[in-house]
Amino acid sequence: MAVEWVYSPTRIDWVVLSELYKLAPLGDKDPNDLKTAFGNSRYFCFAFDAGKLVGAGRALADGVDCSYICDVAVLPSHQGMGIGKTIISKLVEFSSGHRKIILYTAPGNESFYRRLGFKRMRAAMAIFADARQALDWGLLYED
Ligand SMILES: CC(C)(COP(=O)(O)OP(=O)(O)OC[C@H]1O[C@@H](n2cnc3c(N)ncnc32)[C@H](O)[C@@H]1OP(=O)(O)O)[C@@H](O)C(=O)NCCC(=O)NCCS
């Protein structure tokens, strides 16, 4: 398999990207929301196999202090082939120079990120618009 790497969102079909996240699975993401989110992001990494989008990720960054990596997912048919690792490594490389690179993960994926150099934060906190869903997905503590 020869993966083609693309670092710009210009040729991305947002409906196809939304489908990738549904299948990965990384939840239901509206195509128009994805267009806005990726449009406001700084770094991108997409993987194509024979013209088909099979992996994606982005980073929201301010250029000096903080880069936040999110929306990283790989199609199930292409998981376990090193694509996710390469997406994160590329976004980390693009983010070099930032004082911190931050992400959070669904419980169970921590070792994937630990092996890529990430350390657990002691006091990360967040306000989720849908706190109930975040609780259900194990992203938040109850208190
Ligand atoms: C998590 C995900 C992005 C990993 O992508 P991938 O292409 O399957 O991962 P890779 O093939 O690059 O794996 C790299 C290494 O991490 C390991 N790994 C993969 N997924 C892992 C996981 N969930 N937990 C722990 N280790 C994992 C692999 O075994 C591999 O190990 P190796 O280097 O010793 O061979 C992908 O499985 C996915 O899209 N999952 C669903 C969506 C999701 O959870 N996204 C993460 C956002 S929080």
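In each ligand, atom 1 is the first atom listed, and ligand 1 is the first ligand listed.
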### Message
So that I can tick it off, tell me whether Glu19 and Lys52 are bridged by a salt bridge, with the cut-off set at under 4.0 angstrom between side-chain N and carboxylate O.
### Response
no

### Query
Taking only heavy atoms of Arg115, which atoms of ligand 1 are found under 4.0 Å from at least one of them?
17 (C), 31 (O), 32 (P), 33 (O), 34 (O)

### Ligand-residue contact atoms, ligand 1 with Ala73, heavy atoms, under 4.0 Å
39 (O)

### Summary
Check: of His78, Lys85, Gln79, min heavy-atom distance to atom 37 (O) of ligand 1 comes from Gln79

### Task
Fit a plane to each ring of Phe38 and Tyr21, take the angle between them on a 0 to 90° scale, and name the class: parallel (under 30°), tilted (30 to 60°) or perpendicular (over 60°).
tilted

### Query
For atom 13 (O) of ligand 1, what's the nearest protein heavy atom and its distance?
Phe112 CE1, 3.8 Å

### Query
Does Pro25 reach ligand 1, in the sense of a heavy atom lying below 4.0 Å from it?
yes

### Message
Protein non-hydrogen atoms only, distance under 4.0 Å: does atom 29 (O) of ligand 1 have such a neighbour?
### Response
no

### Query
Do Trp14 and Asn32 touch side chain to side chain, with heavy atoms closer than 4.5 Å?
no

#### Entry: Heavy atom of the protein closest to atom 11 (O) of ligand 1 (residue, atom name, distance)
Gly82 N, 2.7 Å

### Query
Looking at Ser111, which atoms of ligand 1 are within less than 4.0 Å of one of its heavy atoms?
24 (N), 25 (C), 26 (N)

### Task
Out of Gly80, Ser89, Gly108, indicate the one that has the non-hydrogen atom closest to atom 6 (P) of ligand 1.
Gly80

### Summary
Shortest non-hydrogen pair, Phe112 vs Gly84, comes out as CZ-C, 3.7 Å

### Message
Need the ligand 1 atom indices (1-based, order shown) with element for anything under 4.0 Å from a heavy-atom of Gly84.
### Response
5 (O), 6 (P), 7 (O), 12 (O)

### Task
Of the side chain and backbone of Tyr113, name the one, both, or neither that has a heavy atom under 4.0 Å from an atom of ligand 1.
side chain

### Task
Mind telling me whether Phe46 and Phe44 have parallel, tilted or perpendicular rings, with 30° and 60° as the class edges?
parallel

### Query
So which bit of Ala106 gets within less than 4.0 Å of ligand 1, heavy atoms only: side chain, backbone, both or neither?
backbone

### Message
Tell me whether Lys29 at atom NZ has more than 12 heavy atoms from other residues, nucleotides or ligands lying less than 6.0 Å away.
### Response
yes

### Query
Are more than 12 heavy atoms from other residues, nucleotides or ligands located less than 6.0 Å from atom CE of Met1?
yes

## Note on the structure
of all protein heavy atoms, closest to atom 44 (O) of ligand 1 is Asn109 ND2, 3.0 Å

#### Entry: Contact partition for Leu26 relative to ligand 1, non-hydrogen atoms under 4.0 Å
side chain

### Query
How close does the nearest protein non-hydrogen atom get to atom 39 (O) of ligand 1, and which residue and atom is it?
Val74 N, 2.8 Å

### Task
Report the nearest protein non-hydrogen atom to atom 48 (S) of ligand 1: residue, atom name, distance rounded to 0.1 Å.
Thr105 OG1, 3.3 Å

### Query
Any chance the side chains of His98 and Asp65 put a donor and an acceptor closer than 3.5 Å?
no

### Query
Just wondering, do Arg42 and Tyr68 contact through their side chains at under 4.5 Å, heavy atoms?
no

### Task
Look at atom 46 (C) of ligand 1 and say whether a protein heavy atom is found at less than 4.0 angstrom from it.
yes

### Query
Is there side-chain contact between Ser18 and Asp30, with at least one heavy-atom pair below 4.5 Å?
no

### Query
So which heavy atom in the protein is nearest atom 3 (C) of ligand 1, and how far is it from that ligand atom?
Val72 CG1, 4.1 Å

### Message
Any heavy-atom pair between the side chains of Phe128 and Trp137 that's under 4.5 Å?
### Response
no

